[in-house]
Amino acid sequence: MDSGTIQKLENLLLVAVPRDLTDDEVILMRRDILRAIRAYGSQVVLLDFTQVDICDSFFGRFIYSTSRMVQLMGATVIISGLQDAVIETMVELGMTLPDVEAVLDLDDALALSRRLGRNGSGPAPADGGLPEWEE
Amino acid sequence: MQNQASVYNRINMLEAQLRAVLNSVPMAMFTLDAQGVITFCEGHALESMGLTPAQLIGQSGFDLFPNPPEIYQGIKRALAGETVTETTTVGPMTFQNTYIPYTGEGGGIIGLSIDITSIRQAEAEAREQREFLRKVLDALPVRVLWKDAATHAFLGCNQLVAQDAGLPSPDDLVGKTDYDMPWVEQAPLFQADDRAVIESGEARINFEEQLTQSDGSLSWLRTSKVPLRDASGAVSSVLCVYEDITEQKRAQQEREALQQQVIEAQRRALADLSTPIIPVMDGIIVMPLVGSIDTARARDIMRALLRGISEYRARVAILDITGVPLVDSGVADHLNHTIQAARLKGAHTIVTGISDAVAETIVDLGIDWSRVETMSNLQSGLVAALDRIGLRLTTADHAANGK
């Protein structure tokens with residue numbers, strides 16, 4: 001798997017999820033993420049889905065299994081960049097991902113991960129509320 | 001002695017009868033001897049020719065009628081033993097002449113001349129009328145076709161139909177049926193229509209149907225079928241009159257398509273109007289909902305909200321439902337989906353405008369909104385939203401005095 005899709009940024013591990021993932025690629029990608037978490041000591045993993053335009057079973061399997069594995073390793077999962085059409089389908093299918101924090105884009109993800117870093121790592125509150133914002 | 005007298009009487013009577021007949025019908029009778037000299041002539045036709053028997057008897061037929069050659073030849077051939085019939089026009093009049101060789105004593109010929117002038121005239125008039133009718137039919141900008149009621153065979157048609165059939169003239173269609181035409185595909189339908197008109201005895205006016213042309217293309221027609229009756233009152237033929245409305249039909253279909261486009265564009269504009277997004281502060285947007293929410297509208301609302309969250313980088317969305325008259329489990333579900341979608345885009349949703357009636361309905365229906373943040377009015381919602389993004393409203397002098 002090329003290093004272009006996984007990047008470290010401060011305490012954040014940036015994963016640019018490619019479109020059209022096959023089952024084999026899912027397995028490889030997950031392994032790379034978990035290895036990187038251990039290597040960098042990342043506290044937050046950002047899964048960015050800007051490239052993904054279809055919500056299919058591969059997508060579902062990737063999100064659920066990867067989030068679970070990352071959380072087991074003690075890091076927080078954030079997702080960003082979900083396209084409107086993908087969100088519509090996810091909601092229709094009841095795929096609401098209650099354990100995962102969602103943000104609009106990379107800027108917000110970075111802000112969130114910095115805050116999490118200061119307050120200690122761990123999953124964000126389940127109701128999705130954002131901690132106090134400092135101007 | 002008595003025998004002779006009765007024979008003479010009989011002869012006189014026959015002669016009188018013959019004269020009576022000949023003088024009352026437009027014909028004349030002649031007898032010529034073996035040299036062609038006229039020995040007897042009598043008949044009403046003589047008057048029309050301006051002649052009297054006296055002028056003709058004793059004259060040679062050859063001398064009297066050197067022209068036209070038909071008469072001269074007629075006499076000659078009959079004297080030679082051949083029965084001849086010919087038609088001659090003399091001036092304004094036309095005669096049908098028959099020359100019969102007389103096989104009795106002395107030979108000669110018996111000639112019969114019938115004045116057919118008026119018959120010819122009637123024929124000419126009839127032909128003129130037929131010609132005129134044909135001109136009218138061919139000048140009409142519609143197709144005209146008539147078929148036999150029993151066999152469905154074409155009895156006649158006008159030039160346009162021949163053209164459609166790819167044939168040079170209407171006469172080429174007589175005796176054929178729809179099965180012999182380029183529109184053979186529609187033949188069963190056309191004949192079924194014919195039968196319906198024939199059996200009911202009632203015309204079918206201005207109905208639309210399709211026709212395959214000789215080049216294979218498909219045209220639209222507006223057709224009328226009328227039953228024609230014969231003297232006994234039975235339907236003997238069917239008259240079909242039809243015009244090509246392909247162009248009109250195409251124009252009509254284009255108009256309808258355009259109309260559909262306009263309606264669709266209006267529907268979309270309306271949908272846009274019904275989902276306004278108001279950015280009230282950095283990171284906070286308000287979406288006031290007015291009117292009932294069905295599945296289609298719910299989808300529009302969700303899409304508009306997601307677009308608004310992207311556009312204004314909102315982290316809090318306030319959905320105000322003051323203007324929504326009915327909140328049942330369906331509407332509650334739609335709103336839930338919208339809230340979940342907004343969350344996946346990184347925005348928290350607050351639902352404001354919960355009236356007492358709506359609050360009652362939600363609990364009574366057992367709708368679970370325990371995890372949805374709700375307020376009774378927009379002001380409270382705004383304060384909660386500000387709080388969420390870490391801002392607080394203070395009065396001016398408070399700020400002036402420092403935090």
Side-chain angles (χ1 to χ4, degrees), chain A residues 17 44 46-50 52-53 55 59-60 63-64 67 76-116 118-119 124-135, chain B residues 275 277 279 281-285 295-317 332-351 368-374 384-392 394 399 403:
Chain A
V17 183
V44 182
L46 173 65
L47 300 176
D48 183 80
F49 290 94
T50 312
V52 176
D53 46 18
C55 167
F59 171 85
I63 279 197
Y64 277 110
S67 311
T76 307
V77 177
I78 311 177
I79 57 178
S80 72
L82 282 171
Q83 293 187 18
D84 288 1
V86 173
I87 290 177
E88 240 186 275
T89 312
M90 285 172 72
V91 164
E92 251 168 64
L93 297 177
M95 204 189 277
T96 58
L97 310 175
D99 299 331
V100 168
E101 182 87 26
V103 292
L104 192 56
D105 59 19
L106 187 50
D107 285 337
D108 289 349
L110 208 47
L112 178 56
S113 82
R114 282 175 184 159
R115 241 188 350 270
L116 288 173
R118 270 195 304 279
N119 296 343
D127 74 346
L130 296 174
E132 194 179 0
W133 176 266
E134 245 179 25
E135 289 288 328
Chain B
T275 56
I277 302 255
M281 286 215 63
D282 256 2
I284 303 178
I285 57 175
T295 311
R297 185 131 185 258
R299 202 183 46 228
D300 289 340
I301 290 169
M302 184 192 292
R303 288 176 186 170
L305 186 59
L306 292 177
R307 276 199 304 271
I309 292 171
S310 296
E311 192 181 339
Y312 297 109
R313 301 187 53 79
R315 273 166 293 135
V316 182
D333 263 346
H334 290 316
L335 288 175
N336 265 337
H337 283 198
T338 303
I339 294 168
Q340 285 158 10
R343 190 192 84 80
L344 286 171
K345 207 129 188 148
H348 170 76
T349 310
I350 301 175
V351 180
D368 178 16
W369 263 15
S370 52
R371 270 178 286 137
V372 176
E373 184 169 357
T374 55
L386 286 168
D387 189 57
R388 224 165 232 280
I389 64 173
L391 293 177
R392 212 175 46 230
T394 59
K403 289 192 214 143

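Throughout, a chain's letter reflects where its sequence line sits, starting with A, and its residues are numbered from 1.
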Counting N and O atoms only, with roles assigned by atom type, does the side chain of B:R343 sit under 3.5 Å from a partner on the main chain of A:L97, one being a donor and the other an acceptor? yes
Above 12 or not: heavy atoms from other molecules or residues under 6.0 Å from CG of B:D282? no
Using salt bridge (Lys or Arg N to Asp or Glu O under 4.0 Å) as the criterion, point out the one residue from B:R299, B:R307, B:K345, B:R303 that pairs with A:D84.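 Going through the options one by one, the only one that passes is B:K345.
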Can you tell me how far CD1 of B:I309 sits from CD1 of A:I87, rounded to the nearest 0.5 angstrom? 7.5 Å
I'd like to know whether A:I79 forms a side-chain contact (heavy atoms from CB on, under 4.5 Å) with B:L344, so could you lay out the CA-CA distance, the side-chain angles of the two residues, the decisive distance to 0.1 Å, and finally the verdict. CA-CA 8 Å; A:I79 57 178; B:L344 286 171; 4.1 Å; yes
Residues in side chain to side chain donor-acceptor pair (under 3.5 Å) with B:Q340, at least two apart? none
When the 4.5 angstrom heavy-atom criterion is applied to A:V86 and chain B, the contacting part is neither
